[in-house]
Participant: 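Take a look at this one; I'll ask things after.
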2 protein chains.
Amino acid sequence: MTQKTSASRRHVRQGSEFSLPYTTVDVVIFTVLDNALQVLLVQRPVGAGEPYPGCWALPGGFVDVAADATLEDCARRKLLEKTGVKSPYLEQLGSWGSATRDPRGWSATHVSFALISAQNGVLIRGANAAEVAWFEVDAVTQNRGLAFDHDDILEAAVERLRSKVEYTSLPAFLLPEPFTLPQLQRAYEIVLGRPVDKSGFRTRMLAAGFLKEAGYVAGESNRPALGYRLVDRHAPVVFPRTFSPRGGN
Amino acid sequence: MTQKTSASRRHVRQGSEFSLPYTTVDVVIFTVLDNALQVLLVQRPVGAGEPYPGCWALPGGFVDVAADATLEDCARRKLLEKTGVKSPYLEQLGSWGSATRDPRGWSATHVSFALISAQNGVLIRGANAAEVAWFEVDAVTQNRGLAFDHDDILEAAVERLRSKVEYTSLPAFLLPEPFTLPQLQRAYEIVLGRPVDKSGFRTRMLAAGFLKEAGYVAGESNRPALGYRLVDRHAPVVFPRTFSPRGGN
DNA sequence: GGAATAGTGTCTATTAGACAGTATAGA
DNA sequence: TCTATACTGTCTAATAGACACTATTCC
């Protein structure tokens, strides 16, 4: 930790001298691409005093007190800057804060995760000259080479996503509309990492009532499939049971 | 907002002038007491410049960069100060951060919720001369008179608790060990606000495997009941289905 | 017609929920 | 013996999972 930086953060509050932690926001952005669950990473700058120069990291950064009215605004701003996506599914994941997670001093980050479809003109690069790219989640979590504590954060995000996919309609947010039930099923299978029975899957999805028909969609296979859109693009539906094969959770 | 205070937070970082948000931690502490779900509140101080003087609020406050190594340490410290409980069940709830939630300036709070049993010498008052008391959750959420945005935070905490109680063993953390299955069932019913069938309840609890027998517990009723302790006091068990009466979610 | 994928029907083991019944204590 | 509570047994409707079957398109 740089003592100089830390000292410069001292200031007066309520008559005593306090040091304020840094406040940052990070976003774990998921999509399904090339039959795999992928995460968006950005390369850290290499300027003087920059921590983890050249390392890949989750997109994020300091809260801009002047520009951001709320934490969620800040997260959506960073998401828009990196992906161009305006209103994806966004859910708070948690907080990571400690004296040692950032070499510049005590910092706390507010982490959300976002689900977007890969088709929507994603990957705006060059805005601030930062490299941006999709990475397969499994490869990244294996290597554990991300900046800061982002490996831990990504691991927590993947765990949360996988567990919620067992009993919610979350994977629908990973697809561009309209999508077909076979496409949705593939999204489930990719995130869960195991096959899902077609008949039960279709029954469950249609019974949950979160899909509305949107005409037949030709292409990609022989027989056209019925397309669907989400009734509500803001919140997933919760199923009363988890997906689980006979005889055990 | 006090401009003087806000100005005093400006400082140099990376060559430009930034203003740092305040970083706070709040804890929603639940227990079951007098056949009701209750939450611990503290009364705000009335000193000069104190926001919401005399108002009831969730226990919490600024992160102490010198004393707290991590956000969780900070939450556990505040919890210990108010209740004397050393290692309760503690779960991150989320973050609330905006320019306007604290009149002193941009602030972000990291909120956890804790489940404790009311019997363990709870309610240490006078340490910092702050008033501390249990309040029935339903009454507090009706009145909506808490300081800051704590009504919103409490509402979110109750919603999270109620929804997780449908499919986890969380209410077990609200009871002192050893507890009986009828006591545990009552805890479920109090949090859920509806009766639960005894037979199905017992089957589910015992099948989940998170309880170990701890001898018969006399008292409070005619026939003594078998007491149980938790196998793991750190994490709840997740059931494969929710509690739900026939024919509806 | 063949291949490939979309979509449906059917059977069965499992089980949650409902509720009646039994067991064990105190008074 | 009566009452209150702890605990168990039984029945049944609902359904998830498994898998076979039909339908519709392209080639």
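Throughout, protein chains are lettered first and strands after them, A, B, ... in sequence-line order, and every chain is numbered starting at 1.
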Participant: For R204(A) and dG7(C), give me the distance from atom CZ to atom C1', rounded to whole Å.
Facilitator: 19 Å
Participant: With a sphere of 6.0 Å drawn around CG of D232(B), does it hold more than 12 non-hydrogen atoms of other residues, nucleotides or ligands?
Facilitator: yes
Participant: Taking atom C1' of dT15(C) as reference, at what distance in whole Å does atom CZ of R241(A) sit?
Facilitator: 8 Å
Participant: Rounded to whole angstrom units, what separation is found between the CZ atom of F201(A) and the P atom of dT8(C)?
Facilitator: 14 Å
Participant: For F30(A), what residues pass the ring pair (Phe, Tyr, Trp, His ring centres under 6.0 Å) criterion, not counting sequence neighbours?
Facilitator: none
Participant: Between side-chain atoms of residues 208-216 of chain A and protein atoms elsewhere (two or more places apart, or another chain), which donor-acceptor pairs fall under 3.5 Å?
Facilitator:
none

Participant: Between atom CG in L192(B) and atom C1' in dG17(C), what is the gap in whole Å?
Facilitator: 16 Å
Participant: May I ask you to say whether R194(A) pairs ionically with E166(A), meaning some side-chain N is under 4.0 Å from a carboxylate O?
Facilitator: yes
Participant: Grab the CZ-P distance between F243(B) and dA16(C) for me, whole Å please.
Facilitator: 10 Å
Participant: Tell me which residues in residues 177-189 of chain A put a heavy atom below 4.0 Å from DNA chain C, sorted by number, or none.
Facilitator: P182(A), R186(A)
Participant: Is it true that D138(A) and R162(A) have a side-chain N and a carboxylate O under 4.0 angstrom from each other?
Facilitator: yes
Participant: Once you round it to whole Å, what is the distance between P of dA16(C) and CE of M205(B)?
Facilitator: 11 Å
Participant: Does anything in residues 27-43 of chain A pair up under salt bridge (Lys or Arg N to Asp or Glu O under 4.0 Å), and if so which pairs, sequence neighbours excluded?
Facilitator: none
Participant: Working to the nearest 0.5 angstrom, can you tell me the gap between F243(B) CZ and F201(B) CZ?
Facilitator: 5.5 Å
Participant: The side chain of Y216(A) is closest to which nucleotide in this list: dA16(C), dC19(C), dG7(C)?
Facilitator: dG7(C)
Participant: Who pairs with Y167(B) by ring pair (Phe, Tyr, Trp, His ring centres under 6.0 Å), at least two apart in sequence or on another chain?
Facilitator: none
Participant: In plain terms, say whether R204(A) and D197(A) are close enough for a salt bridge, that is, a side-chain N and a carboxylate O under 4.0 Å apart.
Facilitator: no
Participant: On DNA chain C, does the nearest nucleotide to T203(B) precede the nearest nucleotide to K198(B) from the 5' side, or the other way round? Give the residue.
Facilitator: T203(B)
Participant: Determine whether any donor atom in the side chain of S199(B) lies under 3.5 Å from an acceptor atom in the base of dG17(C), or the reverse, and answer yes or no.
Facilitator: no
Participant: Using the side-chain heavy atoms of L226(A), tell me which of these nucleotides is nearest: dA18(D), dC19(C), dG7(C).
Facilitator: dG7(C)
Participant: Using the 3.5 Å cut-off, write out each protein N or O paired with an N or O of nucleotides 23-27 of chain C and the distance between them.
Facilitator:
| from | atom 1 | to | atom 2 | distance (Å) |
| --- | --- | --- | --- | --- |
| dA23(C) | N3 | R223(B) | NH1 | 2.6 |
| dT24(C) | O4' | R223(B) | NE | 3.4 |

Participant: Which is more 5' along DNA chain C, the nucleotide nearest Y228(A) or the one nearest D197(B)? Just name the residue.
Facilitator: Y228(A)
Participant: Using atom CZ of R202(A) as one end and atom P of dA18(D) as the other, report the distance to the nearest whole Å.
Facilitator: 18 Å
